[in-house]
> 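Pasting a structure here, questions to come.
A note on names: the letters A, B, ... follow the listed sequences, proteins ahead of strands, and every chain is numbered from 1. For clarity, every value in this text was computed on a predicted model and none was experimentally measured.
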Amino acid sequence: MECCTLTDWSQFKLDCEPPNGQSVVVALSGGIDSAVAACLLKQQGYAVIGVMLKFWSEAALDSDSPADNRCCTESAVDDARSLCHALNVPFYLINSEEPFLEKVVQPFVASYLNSTTPSPCLRCNALVRFPKLLQVKEALQADFLASGHYVRLEMHDYCIHMLRAVDTSKDQSYMLYGLNQAQLKSILFPLGTWKKADVRHWASEHGVPISRKPDSQELCFISDGDYRRFLQRQTGNQTSSGPIKHVDGTVLGKHEGLWNYTIGQRRGLGVASGEALFVVGKYLDSNTLVLGPDGPSPVTSCRLTDINWIGGSPPDGSEQLMACARYHGRMFEVSVAGDMVQFGQPVALVVPGQGMVIYRGDDCLGGGVIAETYSSGS
RNA sequence: UGCCUGGUCGUUCAACGGCAGGACAACGGACUUUGACUCCGUUAAUCGUGGUUCGAAUCCACGCCGGGCAA
């Protein structure tokens, strides 16, 4: 896909002075959202500084076909740099490979080997991306940090609330539940009140170059986008095959390592039995994968770790709240007491290692990582 | 190897002597800043050889293979 010419960008030269001389570091990804965020802020009069983080990613497996599934590809960097050039603002590319490797990639591998299913993007946002960006913002002595994430911030009762985006289909509060007051007080999310379609429209109206970076992304640090093969490479191609069993006890086949599967998974199992089968259990001690026709038993409560409450304090245990256990997943009723979350109804596909985010209406209160799940009774 | 029974996509189950169809798997796509779930699409089969018939997966004979019963 070709970029359009950058000459159209002269219209972004601003007549007005930045209000109060405020400056903002804008996190750029090379995509359309962060580009529009930067343009809007510049238009509003901020002194914009473009920053892009370079995360660790696996070396391309095949030099003939460079991986295009990564978030910091050279073309994405080029797009971000071109944008800054056209806006006539500085651009910094910040190396963050080390912390990303340590805090996202290595735990990702460890999690799978430990039979849980990690959420690398949640860890990245909470432990690498935003801390690093804020560090850069401090170093550059900027007033604010901004990103193109689709969430809204509102202040009441001396507390910053993170609200779901107006465009709920693009809402990204789930991914940002790990942020706190100290961080949020200097962060701007200009797109929280925008609809994605309007962002696209605005971008084309104003001649923002069409991004070469696809809107959607899989695991950004894996060359071929296949996490199973990535784990094979990381673990030295060791296989630890074991039996695949039906819940009724029948042996259905053989697996090549439990990390190839996640609870609730249906496709890619390689066994045919005339009916659809789902992963209902992974047993490390016997190295056994168990499948069943009805999927894993629904969960009625769970325990969280790595909890963050955006407002600083946990919600009242008696309050009826909503929760989400998957990015853009269905919301369900819960109540929260300490690190325990009790569901109003049994919920399928709540999996250890994944994030659970708690909401009061549109207000994202925070959340945690699912450590253990319980079915009714226990 | 004297009796009975069965052999259809990779697997499994259908099809009155009249266009071989479904389910599951596999593959592709949509969706998606995590793994999944979900949705859409594609590929793919009558054990072999003869015979009866306008027409055979279907009926007949023989063979091959798999089950079962049987001193």
> State whether A/Arg152 and A/Asp362 are salt-bridged, where the test is any N-O pair (Lys NZ or Arg NE/NH1/NH2 against Asp/Glu carboxylate O) under 4.0 Å.
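Counted as a salt bridge, because a side-chain N and a carboxylate O are separated by less than 4.0 Å.
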
> Using the C1' atom on both, measure B/U43 against B/G50 and round to a whole Å.
33 Å

> Roughly how far apart, to the nearest Å, are B/A25 and B/C3 at atom C1'?
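Roughly 39 Å separates the two C1' atoms.
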
> Where the side chain of A/Arg129 is defined as all heavy atoms beyond and including C-beta, which of B/A26, B/U34, B/U33 is the nearest nucleotide?
B/U33

> Quick check on contacts: within residues 342-364 of chain A, what sits under 4.0 Å from RNA chain B by heavy-atom distance?
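A/Leu349, A/Val351, A/Gln354, in order of number.
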
> To the nearest angstrom, how far is A/Leu176 atom CG from B/U34 atom C1'?
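My rounded result for the distance is 14 Å.
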
> Return the minimal non-hydrogen interatomic distance between A/Arg200 and A/Ile32, and the atom names on each side.
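So the two residues come closest at CA-CD1, 4.0 Å.
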
> For A/Ser173, check side chain to side chain contact (heavy atoms under 4.5 Å, CB included) against everything at least two apart and list the hits.
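If we apply the side chain to side chain contact (heavy atoms under 4.5 Å, CB included) test to A/Ser173, skipping adjacent residues, the hits are A/Val151, A/Met162, A/Arg164, A/Asp171, A/Tyr359, A/Cys364.
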
> Could you tell me the Watson-Crick or G-U partner of B/C19, where both distances fall under 3.5 Å? Say none if there is no partner.
none

> Running the 4.5 Å side-chain criterion over Ile, Leu, Val, Met, Phe, Trp and Tyr, what cluster does A/Leu291 land in, apart from itself?
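Other cluster members: A/Ile244, A/Leu252, A/Leu258, A/Tyr261, A/Ile263, A/Leu269, A/Val271, A/Leu277, A/Val279, A/Leu284, A/Leu289, A/Val351.
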
> Look at atom CD of A/Glu275 and say whether more than 12 heavy atoms of other residues, nucleotides or ligands are closer to it than 6.0 Å.
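Enclosed: over 12 neighbouring heavy atoms sit under 6.0 Å from CD of A/Glu275.
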
> Could you tell me how far B/C19 sits from B/G29 if I compare only their P atoms? Round to whole Å.
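Rounded to whole Å, the distance is 36 Å.
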
> Just checking A/Tyr261: base, sugar-phosphate only, or nothing, at a heavy-atom cut-off of under 4.0 Å?
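If one applies the 4.0 Å heavy-atom cut-off, A/Tyr261 turns out to touch nothing in the nucleic acid.
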
> Check which hydrophobic residues are tied to A/Ile358 through side-chain heavy-atom contacts below 4.5 Å, counting indirect links as well, and list them.
A/Val299, A/Leu304, A/Ile307, A/Trp309, A/Leu321, A/Phe332, A/Val334, A/Val336, A/Val341, A/Phe343, A/Val347, A/Val350, A/Met356, A/Leu365, A/Ile370

> Scan residues 240-250 of chain A against RNA chain B and write down, sorted by residue number, each residue with any heavy atom closer than 4.0 Å; if none is found, say none.
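None, since no heavy atom is under 4.0 Å.
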
> Measuring only between side-chain heavy atoms, which start at C-beta, is A/Val26 closer than 4.5 Å to A/Tyr46?
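Of all side-chain heavy-atom pairs linking A/Tyr46 with A/Val26, none is under 4.5 Å.
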
> Using whole Å, report how far OH of A/Tyr150 lies from C1' of B/U32.
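So the two atoms are 15 Å apart, to the nearest Å.
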
> Could you check whether A/Asp248 and A/Thr250, counting side-chain N and O atoms only, form a donor-acceptor pair closer than 3.5 Å?
yes

> How is A/Gly268 classified with respect to the nucleic acid when contacts are heavy atoms under 4.0 Å: base, sugar-phosphate, or nothing?
sugar-phosphate

> Output all residues satisfying side chain to side chain contact (heavy atoms under 4.5 Å, CB included) with A/Ser147, sequence neighbours left out; order by chain, then residue number.
A/Ala27, A/Phe130, A/His149, A/Phe189

> Starting at the 5' end of RNA chain B, which residue's closest nucleotide do you reach first, A/Arg266 or A/Tyr327?
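So the residue in question is A/Tyr327.
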
> Assign B/C19 to syn or anti; the rule is syn for a glycosidic angle within 90° of 0 and anti otherwise.
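You should classify B/C19 as anti.
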
> Among residues 103-128 of chain A, which residues get a heavy atom nearer than 4.0 Å to RNA chain B?
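A/Tyr112, A/Thr117, A/Pro118, A/Ser119, A/Pro120, A/Cys121, A/Asn125 - these, ordered by number, are the residues of the stretch whose heavy atoms sit under 4.0 Å from the strand.
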
> Taking any strand in view, what nucleotide pairs with B/C9 in a Watson-Crick or G-U wobble way, both distances under 3.5 Å?
none

> Give the rounded distance in Å between these two atoms: CG of A/Leu191 and P of B/U33.
14 Å

> Quick one: list whatever passes side chain to side chain contact (heavy atoms under 4.5 Å, CB included) with A/Val77, sequence neighbours left out.
A/Met52, A/Arg81, A/Phe91, A/Leu93

> Taking only the C1' atom of each, what is the distance from B/U32 to B/C37 in whole angstrom?
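Per the computed distance, 12 Å lies between those C1' atoms.
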
> Within the structure shown, what part of the strands sits under 4.0 Å from A/His149 by heavy-atom distance: base, sugar-phosphate, or nothing?
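The residue A/His149 makes base contact.
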
> How far, in whole Å, is B/C54 from B/G17 if one measures between their C1' atoms?
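Approximately 12 Å lies between the C1' atom of B/G17 and that of B/C54.
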
> I'd like to check the side chain to side chain contact (heavy atoms under 4.5 Å, CB included) partners of A/Ser297; sequence neighbours left out, ordered by chain and number.
A/Ser375

> Just wondering, are more than 12 heavy atoms of other shown residues or ligands nearer than 6.0 Å to OH in A/Tyr92?
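No, the 6.0 Å shell around OH holds no more than 12 heavy atoms from other groups.
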
> In Watson-Crick or G-U wobble terms, both distances under 3.5 Å, what is the partner of B/U42?
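Pair assignment: B/U42 / B/A26.
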
> CZ of A/Phe278 versus C1' of B/C24: gap in Å, rounded?
11 Å

> Would you kindly give the CG-to-C1' distance between A/Leu258 and B/G35, to the nearest whole Å?
15 Å

> Using purine N1 to pyrimidine N3 plus N6-O4 or O6-N4 for Watson-Crick, or N1-O2 and O6-N3 for G-U wobble, both under 3.5 Å, which nucleotide pairs with B/A56?
none

> Answer yes or no: side-chain N or O of A/Glu218 and base N or O of B/U34 forming a donor-acceptor pair under 3.5 Å.
no

> Select base, sugar-phosphate, or nothing to describe what A/Leu269 touches, counting heavy atoms under 4.0 Å on all strands.
sugar-phosphate

> Applying the Watson-Crick and G-U wobble criteria at under 3.5 Å, what pairs with B/C31? Answer none if nothing qualifies.
none

> If you draw a 6.0 Å radius around NZ in A/Lys137, do more than 12 non-hydrogen atoms from other residues or ligands fall strictly inside?
yes

> Looking at A/Gln141, I want to see if its CD is surrounded by more than 12 non-hydrogen atoms of other residues, nucleotides or ligands under 6.0 Å.
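No, not enclosed.
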
> If you count every heavy atom of other residues, nucleotides or ligands that lies below 6.0 Å from A/His201 atom NE2, does the total exceed 12?
no

> For A/Glu319, check side-chain hydrogen bond (donor to acceptor under 3.5 Å, both in side chains) against everything at least two apart and list the hits.
A/Arg360

> Using whole Å, report how far CG of A/Asp294 lies from C1' of B/C37.
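Rounded to the whole Å, the gap is 15 Å.
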
> Please name the nucleotide paired to B/C37 by Watson-Crick or G-U wobble geometry with both distances under 3.5 Å, or report none.
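Across any shown strand, B/C37 pairs with none.
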
> What integer number of Å spans the C1' atoms of B/C64 and B/G48?
7 Å

> At a heavy-atom distance below 4.0 Å, what parts of residues 279-293 of chain A sit against RNA chain B?
none

> Going by the rule ring pair (Phe, Tyr, Trp, His ring centres under 6.0 Å), which residues pair with A/Phe108 if we only count those two or more places apart in sequence or in a different chain?
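By the ring pair (Phe, Tyr, Trp, His ring centres under 6.0 Å) rule, A/Phe108 matches A/Tyr112, A/Phe221.
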
> Could you give the distance separating B/C31 and B/C40 at their P atoms, to the nearest angstrom?
15 Å

> Just checking A/Tyr174: base, sugar-phosphate only, or nothing, at a heavy-atom cut-off of under 4.0 Å?
base

> Please give, in whole Å, the distance from B/C39 C1' to A/Arg330 CZ?
14 Å

> Which whole-number value in Å describes the distance from A/Arg267 CZ to B/C40 P?
11 Å

> For the C1' atoms, the ones on B/A23 and on B/C9, what distance do you get once it is rounded to whole angstrom?
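Straight-line distance between the two C1' atoms is 12 Å.
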
